[in-house]
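Fair warning: this is a prediction, and the values are worked out from it, not measured in the lab. Order of listing sets the numbers, starting from 1, for every ligand and every atom in it.
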Amino acid sequence: MDDKFLTIILAAGEGKRMASALPKVLHPVAGLPMVLHVAQTAIASGSGALAVVVGNQAEQVRGAVANHSLKASFHEQTERRGTGHAVLAAREALREGIEEVIILYGDVPLVRPETVLSAREAIAKGADIVVLGFETAMPTGYGRLIVHDGELQAIREEKDATPEEKSITFCNSGIMAFRSRCILDVLEAITDDNAQNEYYLTDAAEIGRAQGLSVKAIAVAQEETIGVNDRVQLSAVEHIWQERKRRELLLAGVAMAAPATVHFSHDTMVERNATIEPNVVFGPGVEVATGAMIRAFSHLEGAKVGEGAIVGPYGRLRPGTELARGAKVGNFVEVKAANIGEGAKINHLSYVGDASVGAGANIGAGSVTCNYDGFNKHHTAIGEGAFIGTNTSLVAPLSIGNNANTAAGSVVTDDVPEDAMAFGRARQVNVPEKARTMREQLLAIKRSKKD
Ligand code: UD1
Ligand code: MG
């Protein structure tokens with residue numbers, strides 16, 4: 001981490017076109033607010049100081065960044081007077097000791113750390129200002145980069161460009177890095193003398209040149225520079241993020257036969273040689289160990305899946321679930337806040353919540369922990385090697401000893417000692433001939449009604 005490297009994130013955007021109650025930069029990509037993706041990129045590229053320029057719904061944006069325990073300073077841009085004006089709102093962050101500054105955007109979340117590092121490298125090689133540009137067949141609306149002899153001469157906004165300049169296809173991404181000793185001199189020289197009467201950050205290029213600085217443009221993939229203004233763009237960004245994650249995991253040795261149908265969270269961790277079948281959704285906080293298998297149509301969040309464990313098809317793991325090595329959670333099984341021991345099995349149609357299940361235990365089909373009394377949650381402890389019969393209701397708080405059994409269909413309200421078997425149901429009685437006599441009675445009633 002380099003304290004001399006400051007990232008300024010412009011996060012004041014209103015985002016009216018999102019038609020949302022949430023500030024634009026807090027809309028999630030892979031479950032993480034966009035502005036936090038940008039902050040993570042800044043940190044991953046070595047930025048030791050973070051300044052966030054907020055405006056609209058500033059408190060919410062501050063809260064989200066602070067909740068993520070990121071040390072950042074916040075600066076308010078009260079009037080929207082252009083990108084140059086926005087950067088100057090963070091003037092206080094440009095304190096002594098800062099040597100490099102990069103400007104990122106809270107609504108441009110796909111920039112990779114490698115890209116920020118390439119801008120830093122250009123500064124290390126002598127550039128004073130570095131602009132990240134991209135090539136596009138459809139440049140309309142973007143600022144055009146005017147490059148001569150390897151130096152960026154100027155950035156021309158669409159509205160100020162001549163027809164000849166409009167034919168340029170190398171465009172401004174908006175991302176700019178500065179050697180910081182020059183930044184204030186440059187920014188303060190920007191005026192609002194243009195078609196939009198805004199203080200354009202982009203004027204920094206021309207002003208820098210006039211001040212004798214070295215101004216460079218480097219190319220970046222357009223994909224990384226996509227900004228989000230509406231929910232269509234947000235979904236496009238989500239799609240690209242998911243594709244990146246899938247590719248990264250496939251290349252790291254995770255087996256996925258239909259990766260396009262698997263949805264990841266920003267923090268999903270999957271070890272090599274794990275298998276993920278089609279149509280699986282990962283919410284935040286999931287770790288899957290090597291050799292584990294997540295079968296089709298499963299939904300996981302806040303869960304750890306141990307080595308060689310199997311989940312699904314149609315499994316649901318909720319927060320606080322930990323499956324030890326070789327545990328099995330089968331179809332239509334929901335597990336919440338529970339430790340499932342090594343090799344334990346919950347194969348069919350169960351709910352196990354607020355529980356611990358010992359190694360090698362077997363939970364029969366349809367068994368349920370009754371963990372909630374309408375007011376409080378209670379714990380169920382199931383010992384190693386226990387055998388919970390089909391359709392057992394385990395009324396918590398409850399403890400089932402090691403190697404104990406419960407009879408199928410039992411409602412178990414009292415603790416069961418080790419090696420004991422609990423019968424929590426009425427004994428069966430067979431009444432001879434009863435089926436036949438009842439059938440005849442009922443038939444007689446039916447006939448009498450027809451007459
Ligand atoms: C800007 C660039 C343009 C570039 C394009 C890339 C300028 C003058 N132009 O144009 O060269 O091709 O981005 O998408 O920089 N913002 C503030 N406060 C303001 C104004 C803007 O925080 O007063 C923020 C916006 O919320 C947004 C970003 O700066 O995140 C860019 O602003 P926007 O209005 O989208 O600029 P463009 O006209 O798209
Ligand atoms: Mg824009």
The side-chain contact (heavy atoms from CB on, under 4.5 Å) partner of Val131 among Leu145, Ile103, Val220 is Leu145

Exactly one of Asp160, Thr83, Thr191 clears side-chain hydrogen bond (donor to acceptor under 3.5 Å, both in side chains) with Tyr200, and that residue is Asp160

Is there at least one pair of N or O atoms, one from Ser173 and one from ligand 1, spaced under 3.5 Å apart? no

I'd like to know whether the aromatic ring centres of Tyr142 and Phe134 sit less than 6.0 Å apart in this structure. yes

Judged by heavy atoms only, the candidate from Ala86, Gly13, Gly82 nearest atom 26 (O) of ligand 1 is Gly13

Taking only non-hydrogen atoms of Glu157 and a 4.0 Å limit, the atoms of ligand 1 in range are 2 (C), 3 (C), 7 (C), 8 (C), 9 (N), 10 (O), 11 (O)

Contact region, Arg81 to ligand 1, non-hydrogen atoms below 4.0 Å, reads backbone

Fill in: Arg231 bridged to Glu238 by N-O distance under 4.0 Å
no

Of Asp107, Ile103, Leu10, the residue with the heavy atom nearest atom 27 (C) of ligand 1 is Asp107

| task | Examine Glu79 against ligand 1 and note whether any of their N/O atoms are separated by less than 3.5 Å. | result | no

A student checking ligand 1 against Gly143 at a 4.0 Å heavy-atom cut-off should list atoms 3 (C), 4 (C), 11 (O), 12 (O)

Within the 4.0 Å heavy-atom cut-off, what Ala11 brings close to ligand 1 is neither

Lys4/Glu100 ion pair, N-O < 4.0 Å
no

Taking only non-hydrogen atoms of Ala12 and a 4.0 Å limit, the atoms of ligand 1 in range are 22 (O)

Regarding Lys125 and Glu121, does a basic nitrogen lie under 4.0 Å from an acidic carboxylate oxygen? yes

Checklist entry - Is Arg120 positioned over the aromatic face of Phe5, cation under 6.0 angstrom from the ring centre and no more than 45 degrees off axis? => result yes

If you compare Gln77, Glu14, Arg80 by their heavy atoms, the one closest to atom 25 (C) of ligand 1 turns out to be Arg80

Restricting to heavy atoms, the pick from Asn56, Thr225, Thr83 nearest atom 8 (C) of ligand 1 would be Thr83

Counting heavy atoms under 4.0 Å, the part of Tyr142 that contacts ligand 1 is both

Ligand 1 to Tyr105, heavy atom cutoff 4.0 Å, flagged ligand atoms 28 (C), 29 (O), 30 (O)

So the atoms of ligand 1 within less than 4.0 Å of a heavy atom of Tyr200 turn out to be 8 (C)

- Query: Phe282 vs Phe264 aromatic rings, parallel, tilted or perpendicular, using cut-offs 30° and 60°?
  - Reply: parallel

With heavy atoms and a 4.0 Å threshold, my read on which part of Glu198 contacts ligand 1 is neither

Expected output: side-chain Thr290 to main-chain Arg272 donor-acceptor under 3.5 Å:
yes

>> Quick test of your reading of the model: are Lys16 and Glu14 salt-bridged, counting only N-O distances below 4.0 Å?
In response: yes

Among the heavy atoms of Gly227, does any lie under 4.0 Å from an atom of ligand 1? no

